[in-house]
Amino acid sequence: MGITNPARHFNKHLANQVLVLVIKDLPFDAPPPSPSPSPSAAPWTNDAVTEVLRSISRYTLQSPRSIGRQSGFRHRTPLRQRNFNLEHHKFCNNTLVLGPAAHQDPDKVHLGSLKALEFFRWVEARFAFAHSEATCRELACLLARASATKHLWNFLKQCPHVTTATVTCVIKLLGEHGLADEALLTFHRMKQFRCKPDTHSYNTLIYALCCVGNFTKARYLLQQMELPGFRCPPDTFTYTILISSYCRYGRLTGCRKATRRRIYEAGRLFRSMLFKGLVPDVVTYNALIDGCCKTLRVERALELFDDMKTRGIVPNHVTYGSFIRYYSAVNEIDKGVEMLRQMQRLGHGIPGSNSYTPIIHALCEAGRVVEAWGFLVELVDGGSVPREYTYGLVCDSLRAAGEGGLLLKEDVVHKRIKDGIWNRYRQMMKVKPVMTRKGYPEMEEPV
DNA sequence: CTTTGAAACA
């Protein structure tokens, strides 16, 4: 772990020096607050410039929702297309701004993008640094994250190093911030940026549109791709994105009819992808199976489950998770347990706390408390740590059922669970200090 | 560089 790469270390240090200047809004030629290395004397490399832009991005615009997630992030609440004018209006009226950027300080974000642009120009002018595709992509991504679309488009227009991959990256980021219309605009301007769309960029754009529920435009793009002889024909990803979005979004509206129509639409897409000779993968099946389970159509889900196995596609812990959640929810817990055992037996995945949690919750609710405790122990033996809520629920249920004998304070299992939960909590506080802990009665603060 | 799942509380 602790391998020290001197160049990387130097770049990090340099990035910190520049960051101090950014925060204090000082020119980059200003004397550094601490001795060496100084930005105005540094031999700038590709990696160093990238590192600086990354640190500006990290400092000024990390959305609290994305902190603590390793890669990418998914929204718990559905995204809606954001409206800049409305947001500005609300901001002026001192009311809450909605959307993923809501928790960010707008001034800080603004300063971040301006400073990044300034730095980008500064290394170029002061050291004749030749920007590469990598540094340009880093700046473009920073501007996209800051939702600074005007700056972004201006930059892409005049930068000679933009590639399709860079624009795809930008489209993805805009989509993650609920700016699907802006993503679409960026896509349409690709010619202006001297690059051609490919299937990847189409897929990313379709995903961004689906995330805000704009299926009309998403379907229109698919139609375009399906035209015979088109340069970017749809692939498995294209269909999987649409199918999963229909399944996910279908449940959102309270209306049963709309849900049915969306799930039906997902099935239709699935058939048409098979017809085109495209091979569905685990993810495609998982999306469909989860859609069926959530709409209580297990028979269909099981059919798909068999279907995937005959095609030689190996189910994974996500596939089994959908079934386990379904069976736990409808109180057919033993079938859920059977699914868990099948996954282990066939070597289709190692159950983690995600697989055990629905079963444990359901068992507690059904009053089968001792069994619940058994699964909790099994989970811990497997090396996982239960969620705090789950642990509290099992302990409460044991007490209520008069099984206090399993609650001995000095028990090794209890100690391991508590240590695990506290370790995870401390880990989280490191990356996300602004977090309130729920605090369940079972967990007293360690000394 | 793109796709699946992820609880309870207020």
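Here is the naming used below: chain letters follow the sequence lines, and residue numbers restart at 1 for every chain. These numbers come from the heavy atoms of this one structure, side chains and all, not from hydrogens, waters or symmetry mates.
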With A:T238, the side chain to side chain contact (heavy atoms under 4.5 Å, CB included) member among A:L221, A:L269, A:I243, A:L222:
A:L222

How many Å lie between OH on A:Y249 and P on B:dT3, as a whole number?
17 Å

Where along residues 299-335 of chain A does a heavy atom fall under 4.0 Å from DNA chain B?
A:H317, A:V318, A:R325

Quick check on the 6.0 Å ring-centre criterion: do A:W153 and A:H188 meet it?
no

Would you say A:K294 places a side-chain N or O within less than 4.0 Å of OP1 or OP2 belonging to B:dA6?
yes

Take A:K309 and A:D306 through the side-chain contact (heavy atoms from CB on, under 4.5 Å) test and state the conclusion after the steps.
CA-CA 5 Å; A:K309 284 189 280 194; A:D306 289 335; 4.1 Å; yes

Give me the one residue out of A:D307, A:N316, A:T240 that meets side chain to side chain donor-acceptor pair (under 3.5 Å) with A:Y285.
A:D307

Hey, do the aromatic rings of A:F237 and A:Y202 have their centres closer than 6.0 Å?
no

Gap between atoms CG and C1', on A:L269 and B:dT3 respectively (whole Å):
14 Å

Distance-only polar pair, side chains of A:Q344 and A:R341, donor-acceptor under 3.5 Å
yes

For A:Y264, is the OH atom crowded, meaning more than 12 foreign heavy atoms sit under 6.0 Å from it?
no

Using whole Å, what does the distance between atom P of nucleotide B:dG5 and atom CZ of A:R248 come to?
6 Å

Taking the six-membered ring for Trp, are A:Y320 and A:H348 parallel (under 30°), tilted (30 to 60°) or perpendicular (over 60°)?
tilted

Using whole Å, what does the distance between atom P of nucleotide B:dT3 and atom CZ of A:F270 come to?
20 Å

Whole Å only: how far is the CG atom of A:D198 from the C1' atom of B:dC1?
9 Å

Touch check for A:F237, heavy atoms < 4.0 angstrom, all strands: base, sugar-phosphate only, or nothing?
base

Taken to the nearest whole Å, CG/A:L288 to C1'/B:dT4 is 10 Å

If the cut-off is 4.0 Å, is A:Y246 near the phosphate of B:dT3, judged by side-chain N/O to OP1 or OP2?
no

To the nearest 0.5 Å, what is the distance between CG on A:L185 and CG on A:L179?
11.0 Å

Rounded to whole angstroms, how far apart are CD on A:E442 and P on B:dC9?
17 Å

With respect to the phosphate group of B:dC1, does any side-chain polar atom (N or O) of A:K172 fall under 4.0 Å of OP1 or OP2?
no

Rounded to whole Å, CG of A:N203 lies from C1' of B:dT2 at a distance of 6 Å

By a strict heavy-atom criterion of less than 4.0 Å, which residues belonging to residues 354-383 of chain A are in contact with DNA chain B?
A:N354

